[in-house]
Novice: 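Sharing a structure below in structure tokens format, with a few things to ask.
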Amino acid sequence: MHPFSVLTLAIFVAGYITARWDLVTRLYELAVFAWDHGVVARTAKGFAILSLFFFLFIIPVERLASRETDLALSVENALKVGTLFRNSSHPIARIYELCGQPSMHVLGLSNSAHVDVEVLQIHAATGQQLRMPQISCARASTIQITMYERPIPNRMQYISLNPISLALGDKAEMATHAPGSVEAEEEKEERKKQEKTRALVEKLKLHTVAQHPPSHKERALPKIVNQVNCSWELQQILQKNISLVGRRSRRSLSVSERVVESATSMRDFLIMAIWHLITLYIYPVIRRGFIITLLCHRVAAEAFLIVLEWRAKPEYAALKDVSATAQQVEIRLQQFCYWPMQYITLRKRKDDWESITTSHPDYIRFYNSLWLVANDVIIGIALGSYIIDNSTWVAESIGKILSLYSVAALQRTISWLMRWPAGLKLNTELAAFLGDLFLWVIDHWSGLVEALQPYLPHLIWFIGFSSFAGASMPIALFSDLVSILTIHIYSFYMASARIFNWQYTILLSLFQLFRGKKHNVLRKRIDSCDYDLDQLLLGTILFTLLFFLLPTVIVFYLTFACSRMAIISLKAVLDTLLACLNHFPLFALMLRIKDSQRLPGGIRFELKDTQQYSSTNPSSPTPPPTSYIYLKSVPLTFRAMFHQYFQLGHRIRKHYLSPHVLLCLATGKFVPPIHRKNLYSLQYSMLPAQRAGIMEMWNALTTNTSTTKEKKPVYENRGFSGRRFNGHLSGRR
Amino acid sequence: MLTTAPHLRTRRPSPTTVEYTVSTSPTLTLPLRLLLITTIIFRVLIGWSVLLILYSKYLLSNLAAATSTHNVQPETIVSIDYLYYILHLLHTSKPGQFATTLAALTPPTLLIPLSLVLLHILLQRPHTTETLLVLRGLGIQTSSSSASYLSSATTRFIPTEKVQDILVNEAFRGFEVRYYLVVVVEGEDDVVVVFPRLLPRRKVVESVWRGVRGCLWEEGRVGGLSAKGG
Amino acid sequence: MVPSQAPSISTTTKPKYPPAPTLTRSTTLPTHAPQAAPNRTLLAPEDAIYQGSPPRKQSPAVKKLHHDLRMTNGSNGLEGNAPVLQRGRGKSRNRSGSRKRKVKWSKLLWLKQSYPDNYTDQATFLEKLQRNPRLQPYDFWPLVADSTVIVQHVCSVVIFTVCFIGIVQDRISPVAVVGCGSIATVIGWLLWDWWIGQDDLPKPLPHRILPAAPYDSKVSAASSTSNLGQHGPKPSSLVARHSHSASASSIYSATSQMTSQSPRLIPSFPPGTSAALSQRTSLRLSTIKSAVLIYFVLLGLSPILKSLTKSTTDDSIWAMSFVLFAINIFFFDYKTPEISAGIKNIPASLSTNAALMASTVLASRLPSTGQVFSLTLFSIEVFGLFPVFRRYAKQRTWRGHLTLTCLLIVGASGGVGLCLGHGGDGEGILDFPWKAGLTGVVIGSISTCLAMGGCSWWLIGLQKYKNEIHGPWDAARPIIRRQWDDY
Amino acid sequence: MPYNIAMVSDFFFPQPGGVESHIYQLSSKLIDRGHKVIIITHAYEDRTGIRYLTNGLKVYHVPFFVMYRASTFPTVFSFFPIFRNIAIREEIQIVHGHGSMSPFCHEAILHGRTMGLRTVFTDHSLFGFADAGSILTNKLLKFTMSDVDHVICVSHTCKENTVLRASLDPLMVSVIPNAVVAENFRPLYHPSYPSDFSTTSLPQHLGPHDTITIVVISRLFYNKGTDLLVAALPRILANNANVRFIIAGSGPKAIDLEQMLERNVLHDRVELLGPVRHEEVRDVMVRGHIYLHPSLTEAFGTVIVEAASCGLYVVCTQVGGIPEVLPGHMTVFAKPEEDDLVAATGRAIAELRANKVRTGDFHDQVKKMYSWTDVAKRTERVYDGISGALSEADFYGYEAADAASWSATRGRAGVQSFALIDRLKRYYGCGIWAGKLFCLCAVIDYIIFLLLELWAPRDAIDIARNWPKKVKQENLTADDSSFRR
């Protein structure tokens, strides 16, 4: 046993008798101080040991020279007492929790091959001539060494098992569709498919012959990842404090010295007092004011939002579902409501170790949305100034385009359809009738547009002005404008679709009559039925009639359906543009390019060739089989970054290219435009599903102040069972 | 000659770490290396010529009418002008003129897709290599080399606690029935196929299966081949 | 049979095998394939029967074999009941050395017999096979008589087309056409009504009785027609009527009376519920009602019809109407309505509808509304009402049927002649207005008679190739009395 | 000797039916007898790929285009490569096709002969000669059958029919009936199964006024006699009181049935169950006393055997192979006529009411009559015969002395004639035009075979592992022999 621990024990007993605790410690330190010298060497050793401790072996920076047996012990004691964690910025217990360990331990020595202490397990040897550390463990039969570059938490680098998620994860699956609508059907289909696959997966479970209960080593992988993340910071602390291993603290000063000191520090004290005054009285007032203004804005935003989301009945469409502008405004407001909360969470991050990686995605999201808004405003200002400068030109060009495409072109098409287009055998009378009808409506509409013409510049000016709130605003306004100015096409489409659908159904039933059958509505089946002769005759004549009139109606219907589709696609393009402006992962992309470690997409191992290192260690006669593995962090893939966009594209495709929609087109049923919620889910993915209420915000802000005042660290996940965890030497005992 | 039938290479530095590599690349002998080098050079040459043809096509088209010609050598080496100058030299050189005539002959609708297809072909890797790395206590990592030189290998790491089971399965593939190795991952809908691109023969699959089970969970539980339907 | 037993049999029976028969070889030996081919290709079942025969040739040997079998293994399966079962089981228990075997092979599956599975019993193999069981040779005149139905229909179609052409070429005034048509229709309807009255007077409730004499003639007629017109699912009814007793057929005819007397002009209510008189009055009323309805609806629709296919070119219209008329002719059910109990309305309505559509299409080519209206009305009369009348008339008076046929033939051929040839333009020596018509009549009637005779001869000639095989395997035709599930 | 057998058919589970259960039972029994059996069928909507059923019965669900009622589109050659792959990797010796309506089976037999495998064909169905469809099918059957080693029919009527249709030598057609798993079709109250229904008050003795339940379980198609049923049912109900009907099954004719029930209101006395799964059939059957089977054509009629095994008194139409199936004291036969059916049902009801029939004994008797192990034994004998393990004489019962005269038959039976020329000769005899066409098909098939040998050589196909058999049987037999000795 170490003589000094005996001595310590004795002195401790004595000190206990005399109840002079400080004396005990002081004597102990004195003793240790008397014993050891050469602090620098010990620093390096300490560093080496501690980096050994973290279950993976860091390539030490420098070689150690002297070998002393009790060094490990002293460091161990230092660890126990906590000397090595002096004046650490945050409590060390937090890191213990994170790593699931009750305390730190010394695993072994490095570059001290000839020492053998029974408490130690590992000897590491590094050096220039061997590019990889040689590990020898007396009790290990096989050794598996994993080496890694420590992620630097100051740069917010970290590794994680599963890829970082840029979207906010608290979205429930959008099951809020009107029952019976197309989306609801699709949802049902998808759910059924998922059920089927789940059943299959359950069946797959039956195939496993023997279940393997995971050993604690296997279950500890996430903690290991946390330890990797913590390693850099801890190493910093330890390296800072390694000098304290056993150094005696300053003895207390004498009174005279105190006086001198106070006299010298009088000036500093004054400055300190003033500064203190400022921080204590002025700064809080300012921040209070700021908070109050913030809250006022929040209230206003709340009112706006309520107006935007008001719907007469739950299944009716709200204002934001109808118009893109409202949607845009709502998104902005929601972002505005969300920022303070985000900011507070980020502030909380400051109160903790840098290695806590839970809030990095929030950080990225927050700055991403800020950046986007900034970009949006910048582009918007440019656009808006341009528009305002030559609003008249824009206005008349828009008016020209409008009158050209939505009136003149339509008129020409209809009049073309009225006289046998492309050799189609249309029924002249019916074509003439329909054509006249539509032309009449178009004339009225064009008159309306003409009346609207003079106001167009003001409108454009307004749009341009609005674009100072961001380029997305005029785009939204423009898409609304488009949908307003093409109402007549929409109504034409509806009317022709109705006519076509009606004729189609009649033809179907008459065809059943033609075949001598009938459709039994009650039982949803085709019964054979014999009609009376007059029914047959009239039915047949009507069938012939409608059959010959069908092409005419189809041609008109197709025309308007195509124009309708064109408009829908135009609006879809605009919406996608909005989505880009609102959600482009700008910040993430920049990070990816700047330093891909900040966007971890998983981890990757690389097995290193070990032939040349097998026989480099002559001292150990038969080195156990050793495998060297590099642990690397896989950066997030671009596909994962743009995952939302793929989702959006998939959704649009599924909606508009589904057989259901084609069937609707074929049978003249009304093709519903894609629901805005689906289209904009992309943009909401950055926002919480349920925005924080005003009171919540208030509380958050106030508590925020309190937390910032007295540095009360906030701990999450306290659930770690402190199990002794000795390294990652996969030793076979 | 560049590729062989997929064969298995095993690296097992320690009993707790195995890496199985199935690849079509033969063992590199000297003539083979030379052959590879020559093919690479060949590819590079063809690629450059295709790019040259495209560039001359661009020069021929009216897009390049505005750009001024940089036929005077700028004094500084590191500058855009120097780059333009080199391009100009290339364009005026003999192969450049040949490319110009060629580009002038072929219509762009034919030339552009053709050259794109050619570049795509040139970028294909000759070999495919797929590995399975087993680390006891950590997990399994599958990786398969990408088809083209542009993208790197895709890896997938599965922690041991997520690995529910490892099976050898049979399935129809084209006109034949193949054996393949799958990893059943907990909480995922579809299994992970090991060696997805070149499905090796049954012998290889079975040996890998045995090895993985032996390495991942303790030896001695290597039972008979469990080929199960998914 | 258990394979373990087979060797023992063979050992006992090997020395006494006769030389194998030759005919099986003829079917099986590949070298003989060429001369085996023709009779196999032409008459496969006979071939099969011959195959059945060779074992019959070598039957003594096989009998001997069976004798030995009985020597080595026995239980008689003549009475197939529980005791046999016990014995059979006993046999199955001590297979190796049982002695009493007087088992005759019986065509039973539930009985374990001591024969190999591929044993073919000469006595019973294919004994139920029967070839052309109910082939009754057609004789000439009934065939001709039946072909009249088709001739009638074709002629009516031809007449309609002729009328259309006449209207188009302004040879005939549409009013005359429709007038004649309507008059004829009214006369026909009166006649038909009178007939129904006659039917109703004798019997208060309209089914369950039947004049026997016309029945036979109808049977032969129907059979031959349905053999002649091979389209549609006729054979079932044919075979059914042939293979079964008169009770069923009487039922058929009774139902046929019912169905035939309510041709689909009338909302067919259950017969016998109301008195015959009120029935007839309501029938007339409904007929008149529907007539008036059709009349006015046509009147309303004809302007639209006129402009319907204005933009369509002529040739497409001609092709279309031709196809539709072809459909009409082919899908028309020529059966006398006894048989058309079950699935009658689908082909009937299809053919009628096709004809009506064709006539509508044709009518839409006409320039004036009056013409359109009259042509459509005429088409309804020709294709809607006339077939009903024809069918009924055929049942009633055979003589009237013949006269009607002749009239139709004359009319059609004359009309065709008038359309094709040009008469009365005063050139040539003997030139009188109806010359083309007359020539048409002559040529047409002659050719029709030739066609009828020729087709009948041809059919009779074809009959010797008839080779249908029947046995227990083919699906039995259910005999179902149609009271319950008739519409 | 154990064989490797491939059962090929379009009809297999999950689709219900007689052929399916036949294949399944036969295969499992053959596996019990030590053979290796795989089943090749086409993919169903939710199962593709390779599956294992109980005791290692391996099923290949080949992805194929399904045309109509689960029978694939007949493409003559497209099935060859994958079939060859499977046959090689499973080391198949005998190809056993089922069902003459399944193109899969025909193609498999053709390709199997081309690859030099033994082929057996089992016919489950009867066909007429009248209508065009059956003529076509017969030609196809002739094509396949003219080069098959042996044919198995499920009843003698079926044998006659097949011999006629494919113009076969009757001696190469064996009759091996279907069977039932008697344990799955046990009556409600039976001494040998005391486990179920402890509270058994034997209701065998029916009073004159007890309700008699008539069960009908059949797919409602035309050839199952649904029209007959629809016509006869109201009259049966009208003639005798205290009679209920339970009708299970679905099909196109179900509409007619419903219409009939609606027309004369019978919903209180007729219970429509709709489609029932095969394992539920017994539970439906034991609810009744009489089983009514109005089918119009039936090769074997497994369902009436099941009904009899459930202790039901069977009323069936006298068509096809039905008369051979059950002894007279279990059945009442009727002509396929409405009147006769009504009369027969009336007779059956009367006999039941008079307690003339002892339905309690039916189960044991049926169990004695039909068992799958017996079927497997007989099928195994067929395999022995065609693979030459059993000599000509034993198998065909002919003199081996003049083998010359029978070489033809043997050639027909295909014991040593895989030579292309012999096959071509056989095909040539199929008809003037058809013969040449078939020869062409055979030649093309052979050429494809050669190409495949080049394209996918045999050594590139790895042999599949067999299901690990439990060796208990062998040990037991060894022990027995030692004991005997």
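Numbers restart at 1 for each chain; the letters A, B, ... are given by sequence-line order, proteins then strands.
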Novice: Between the side chains of B/Arg156 and B/Glu188, is the shortest nitrogen-to-carboxylate-oxygen separation below 4.0 Å, so that they form an ion pair?
Specialist: yes
Novice: May I ask you to check whether B/Ser143 and B/Thr155 show a side-chain donor-acceptor distance below 3.5 Å?
Specialist: no
Novice: Pick one of side chain, backbone, both or neither for B/Gln141, based on which atoms fall under 4.5 Å of a heavy atom in chain A.
Specialist: side chain
Novice: Using a cut-off of under 4.5 Å for heavy-atom pairs, which of B/Leu135, B/Asp189, B/Val184 has the most such pairs with chain A?
Specialist: B/Leu135
Novice: Which atoms of A/Leu221 come close to chain B, meaning under 4.5 Å heavy atom to heavy atom: side chain ones, backbone ones, both, or neither?
Specialist: side chain
Novice: Within the distance-only criterion (no hydrogens, no angle test), does the side chain of B/Glu19 pair as donor or acceptor with the backbone N or O of B/Thr131 below 3.5 angstrom?
Specialist: no
Novice: With a 4.5 angstrom heavy-atom cut-off, which part of B/Val191 approaches chain A: side chain, backbone, both or neither?
Specialist: side chain
Novice: Taking B/Leu138's backbone N and O only, do any of them form a donor-acceptor pair with B/Thr160's side chain (distance below 3.5 Å, no angle check)?
Specialist: yes
